[in-house]
Amino acid sequence: MSLVLVILGFILLVVGGEYLVRSSVALSFKFNISKMVIGMTVVSFATSAPELLVSLQAALSGSPDIAINNVVGSNIANIGLVLGITALVGAIAVDKFFYKVNWPVMMVFSIALYYFLKNDNVLSAIEGAILFIGLIVFLVTLIRTAKKDISIEEVDDSLAVVSNVKIGLWLLIGAIALYFGSEWLVKGAKDIAISIGVSEAVIGVSLIAIGTSVPELAASVIAAAKQEKAISLGNLIGSNIFNIGSVLGLTAIIKPIPVTAPQILTSDIFWMLGFSAVLIPLIFLPKKLQISRFKGFFLVFAYGVFMFLVFKAK
């Protein structure tokens, strides 16, 4: 029954996230917001909604380890699993914007998260607010410095002509699906952790993290197979920044998140920092500004090692 709840929870999160993205973009068009701004803000926030609901539900239901490791694990999976498998399908070109802006910002957010947690073993409301405000500042700066002709491929132009009734219906479906999806996923995951004798932190960094990364993995692999540039390294790095700034930031503002599992600070978060840091030597050595199939294999292998050690040290 627990596994059924987890599967249903994942399905509802995917459905809810999709409807929330559609309704948010359609609503933004109604307010005459530019496509560029919609792509950089509205779509990014909406696609982080499943992770936000899962972390919030976990924090409110007394499972702070799931709340933290949902984000830590997702950030590791985005680089090790999603980026790695996508590169195995086809080499990924890297633009200069990545190492000049996106990567440094991701490292600042990652190190700030580590400091906040290590400092007093809790992510407080004030620290959550700092992370969230930092995200807003980053987005505003990004929008102001971005070229006006930037291509935002994930924004569907057909959503500009959707009726208000349909937007309202999509919002309702998205909200209900996200609410029940997050509730069932967290409950099922907690039951599975108890039944197989592992901690909630392990379930958060593995099962839940991989589950919330599946939609991105599917989209990335399909885009790579079609040789499209819709999925870029920047999108995945942006997702990691949003996970820390919006998911953990907003969750901590609503409910401070204590660290109750020691491996979060002694192991898991260092893996997250390691996967983030290794991207720089990867994109410059040996061939510059490209993540080849070999580099993709290295990332997937490293992710496999991480998962093995997570369950070995349960």
Engineer: Can you find a heavy atom in the side chain of Leu169 that is under 4.5 Å from one in the side chain of Tyr19?
Structural biologist: no

Engineer: How far does CG of Leu250 sit from CZ of Phe132, to the nearest 0.5 angstrom?
Structural biologist: 4.5 Å

Engineer: Backbone N or O of Tyr179 within a donor-acceptor pair of the Ser182 side chain at under 3.5 Å?
Structural biologist: yes

Engineer: Salt-bridged, Lys187 to Glu183, with N to O below 4.0 Å?
Structural biologist: no

Engineer: Can you confirm whether Ile79 sits close enough to Asn240 that some side-chain heavy atom of one is under 4.5 Å from a side-chain heavy atom of the other?
Structural biologist: yes

Engineer: Are the side chain of Ser63 and the backbone of Ile66 linked by a donor-acceptor contact shorter than 3.5 Å?
Structural biologist: no

Engineer: What pair of heavy atoms forms the shortest contact from Leu123 to Ala252, and how long is it?
Structural biologist: O-CB, 3.6 Å

Engineer: Report the distance from atom CH2 of Trp271 to atom CE of Met307, rounding to the nearest 0.5 Å.
Structural biologist: 11.0 Å

Engineer: Do Arg293 side-chain atoms and Ala91 backbone N/O form a donor-acceptor pair below 3.5 Å?
Structural biologist: no

Engineer: Tell me yes or no: between the side chains of Asp65 and Thr260, is some donor less than 3.5 Å from an acceptor?
Structural biologist: yes

Engineer: Going by side chain to side chain contact (heavy atoms under 4.5 Å, CB included), Asn70 matches just one of Leu248, Ile203, Val54. Which one?
Structural biologist: Val54

Engineer: Any non-hydrogen side-chain atom of Ile130 less than 4.5 Å from a side-chain atom of Phe116?
Structural biologist: yes

Engineer: Please answer: with hydrophobic residues joined when any side-chain heavy atoms are less than 4.5 Å apart, are Val305 and Val198 in the same cluster?
Structural biologist: yes

Engineer: How long is the span from the CZ atom in Phe180 to the CG atom in Leu12, to the nearest 0.5 Å?
Structural biologist: 9.0 Å

Engineer: Check whether any side-chain N or O of Trp170 sits under 3.5 Å from a backbone N or O of Glu18 as a donor-acceptor pair, and report yes or no.
Structural biologist: no

Engineer: For Ser199 versus Gln263, what's the shortest heavy-atom pair and its separation?
Structural biologist: OG-NE2, 3.2 Å

Engineer: Considering all heavy atoms of both residues, which atom of Ser2 and which atom of Ile192 are nearest to each other, and what is their separation?
Structural biologist: CB-CG1, 3.7 Å

Engineer: When rounded to the nearest 0.5 angstrom, what is the spacing between CG in Leu131 and CG in Asn243?
Structural biologist: 12.0 Å

Engineer: Parallel under 30°, tilted from 30 to 60°, perpendicular over 60°: which one fits the rings of Phe301 and Phe297?
Structural biologist: parallel

Engineer: Checking Ser55 side chain against Leu52 main chain: does a donor-acceptor pair fall under 3.5 Å?
Structural biologist: no

Engineer: Establish whether Phe29 and Val162 are linked, either directly or via other cluster members, by ILVMFWY side-chain heavy-atom contacts under 4.5 Å.
Structural biologist: yes

Engineer: Identify the heavy atoms of Leu171 and Ser23 that sit nearest to each other, and give their distance.
Structural biologist: CD2-OG, 3.3 Å

Engineer: Does Ser74 reach the main-chain N or O of Val71 with its side chain, forming a donor-acceptor pair under 3.5 Å?
Structural biologist: no

Engineer: Going by distance alone, is a donor N or O of one side chain under 3.5 Å from an acceptor N or O of the other, for Ser239 and Glu51?
Structural biologist: no

Engineer: State plainly whether one hydrophobic cluster holds both Ile194 and Val6, where clusters connect Ile, Leu, Val, Met, Phe, Trp and Tyr through side-chain heavy atoms under 4.5 angstrom apart.
Structural biologist: no

Engineer: I'd like to know if the side chain of Asn102 reaches the main chain of Ile237, judged simply by a donor and an acceptor atom lying under 3.5 Å from each other, with no hydrogens or angles considered.
Structural biologist: no

Engineer: Roughly how far apart are Ile269 CD1 and Asn69 CG, rounded to 0.5 Å?
Structural biologist: 9.0 Å

Engineer: Is it the case that one hydrophobic cluster holds both Leu53 and Ile254, taking links as side-chain heavy atoms less than 4.5 Å apart, direct or via other members?
Structural biologist: no

Engineer: Checking the side chain of Lys295 only, and the main-chain atoms of Leu285 only, is there a donor and an acceptor separated by less than 3.5 Å?
Structural biologist: yes

Engineer: Check whether the ring centres of Phe138 and Phe109 lie less than 6.0 Å apart, and answer yes or no.
Structural biologist: no

Engineer: State plainly whether one hydrophobic cluster holds both Val14 and Val82, where clusters connect Ile, Leu, Val, Met, Phe, Trp and Tyr through side-chain heavy atoms under 4.5 angstrom apart.
Structural biologist: no

